[in-house]
Structures are given as C-alpha cells and as structure tokens.
Amino acid sequence: MDNIEVKIINRSGHELPAYGTLMSAGMDVRACLDAPVTLAPFERALIPTGLKIQLPQGYECQLRPRSGLALRHGITLVNSPGTVDADYRGEIGVILINLSQEPFVINNGERICQMVIARYSRVDWILAESLDDTERGAGGFGHTGIG
C-alpha cells in the first residue's frame, strides 16, 4: 500500500473524503447540494461534490457505488466505475441512477459514492498477425459452464 499526497479544493462545506476503516480502499464522497434532489424510478442526475483534485501523473480517481445504497435503495452509478483523469481540474460530479421502483431523495452531505485512487499503466500497442495460444483460447461468456 502506497501513500501519495493529492491536492484538493473543498467547496462543499463537508469533511474531506475519508476512509471508513484502516484497510478500506474507498473513501466516502458526499453530495454538495443547495436543495435536496429527488430521483424518480429509473431517473439519473449529475450530483455535484464541491471537490476538485490534482492527481499525480500515473494515477486516476475511480468513483464507485456504495454497496448499502445499491442494496437498500437501488441507487448506483451509471458509469461505474467513473474515472477522473489526472489532468482534470473541474469539480467532480457523480452520475447517480435510481434503479428501484420508489423515488429516492439525495440530501446535502449524504454519502453518495466511494472514491478510489489507483495507479494505471499506459499501453504501447504492438501490431501482430497472431496471439500466443492459451488453455482458454477464444472462449468467453459462459464457456466454462453455468455460474
């Protein structure tokens, strides 16, 4: 586990994203709203966080659903995981969707997603006419049986 320093601007009035436990990978992120937002069933909305970050080169910020919101209320992220690139300097927004059959109210300060900071690699493509053989080969989408 590495520790890195990341500059953050917090215009939300809420605490910074924080880890819930010593071994948590994700930090809770809160909504920054002037008024509550009601998501009707199957409706989506961009929810502001009031946060801007400056990641080091070679890192990304992933936004992921909170399992409790997903299980209890059917609230998740449309583009999960959402990616914030290291060169983005705007406010982080979270695209939430209500997959339940009941309206859901998002309040200012409510924990709406998790943020994970991760290293990534860039790819240098090598054009080829063939690929090495493996036991799996081209099998996919259930090729090993049910489940």
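- Side-chain atoms of S24 come within 3.5 Å of backbone N or O of T21 as a donor-acceptor pair.
- Under the 3.5 Å distance criterion, the side-chain polar atoms of T49 are matched with a main-chain donor or acceptor of I92.
- Between the side chain of E91 and the backbone N or O of G50, at least one donor-acceptor pair lies under 3.5 Å.
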Residue pair R119, D2: steps toward the side chain to side chain contact (heavy atoms under 4.5 Å, CB included) verdict: CA-CA 10 Å; R119 261 189 191 281; D2 297 329; 4.2 Å; yes
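- Using a 4.5 Å heavy-atom threshold, the side chains of I47 and V37 count as touching.
- The side-chain heavy atoms of C61 and L55, taken from C-beta on, include a pair separated by under 4.5 Å.
- Counting only distance, with no hydrogens or angles, the side chain of Q54 and the backbone of I8 share no donor-acceptor pair below 3.5 Å.
- Residues L51 and P17 have side chains in contact (heavy-atom distance under 4.5 Å, counting atoms from C-beta outward).
- In this structure, the side chain of D133 does not engage the main chain of G137 through any donor-acceptor pair within 3.5 Å.
- Looking only at distances, a side-chain donor or acceptor of N10 sits under 3.5 Å from a matching main-chain atom of S12.
- F104 CZ to L96 CG: the interatomic distance, rounded to the nearest 0.5 Å, is 8.5 Å.
- Taking every heavy atom of both residues into account, Q114 and P65 meet most closely at NE2-O, 3.7 Å.
- Contact annotation: the side chain of I112 approaches that of I106 to within less than 4.5 Å [non-hydrogen atoms, C-beta and beyond].
- Cluster annotation: V6 and Y59 are assigned to the same hydrophobic cluster (Ile/Leu/Val/Met/Phe/Trp/Tyr, side-chain heavy-atom contacts under 4.5 Å, transitive).
- The one candidate from R111, R30, E110 that meets the side chain to side chain contact (heavy atoms under 4.5 Å, CB included) condition with H14 is R30.
- Nearest heavy-atom pair, L63 versus G93, reported as atom, atom and distance to 0.1 Å: CD1-O, 3.8 Å.
- Residues Y19 and A25 come closest through the heavy atom pair CE2-O, 3.5 Å.
- Follow the hydrophobic side-chain contacts under 4.5 Å out from V84 and you reach L16 in the same cluster.
- In this structure a side-chain-to-backbone donor-acceptor pair under 3.5 Å is present from N98 to L39.
- Considering every non-hydrogen atom in both A31 and N107, the closest pair reads CB-O, 3.7 Å.
- Residues I4 and I117 meet the side-chain proximity criterion, which asks for heavy atoms closer than 4.5 Å.
- In this structure, P41 and S100 approach most closely via the heavy-atom pair CB-O, 3.3 Å.
- Note that the CD1 atom of I97 and the CD atom of E43 stand 9.0 Å from one another [nearest 0.5 Å].
- Looking only at side-chain heavy atoms (C-beta outward), R64 and P81 come within less than 4.5 Å of each other.
- Rounded to the nearest 0.5 Å, atoms OG1 (T83) and OH (Y88) are 13.0 Å apart.
- When hydrophobic clusters are built by joining Ile, Leu, Val, Met, Phe, Trp and Tyr residues whose side-chain heavy atoms come closer than 4.5 Å, directly or via intermediates, L99 is not grouped with L69.
- Hydrophobic clustering of Ile, Leu, Val, Met, Phe, Trp and Tyr side chains at less than 4.5 Å, counting indirect connections, keeps V105 apart from I95.
- Two different hydrophobic clusters hold V78 and L71 under the rule that ILVMFWY side chains link at heavy-atom gaps under 4.5 Å.
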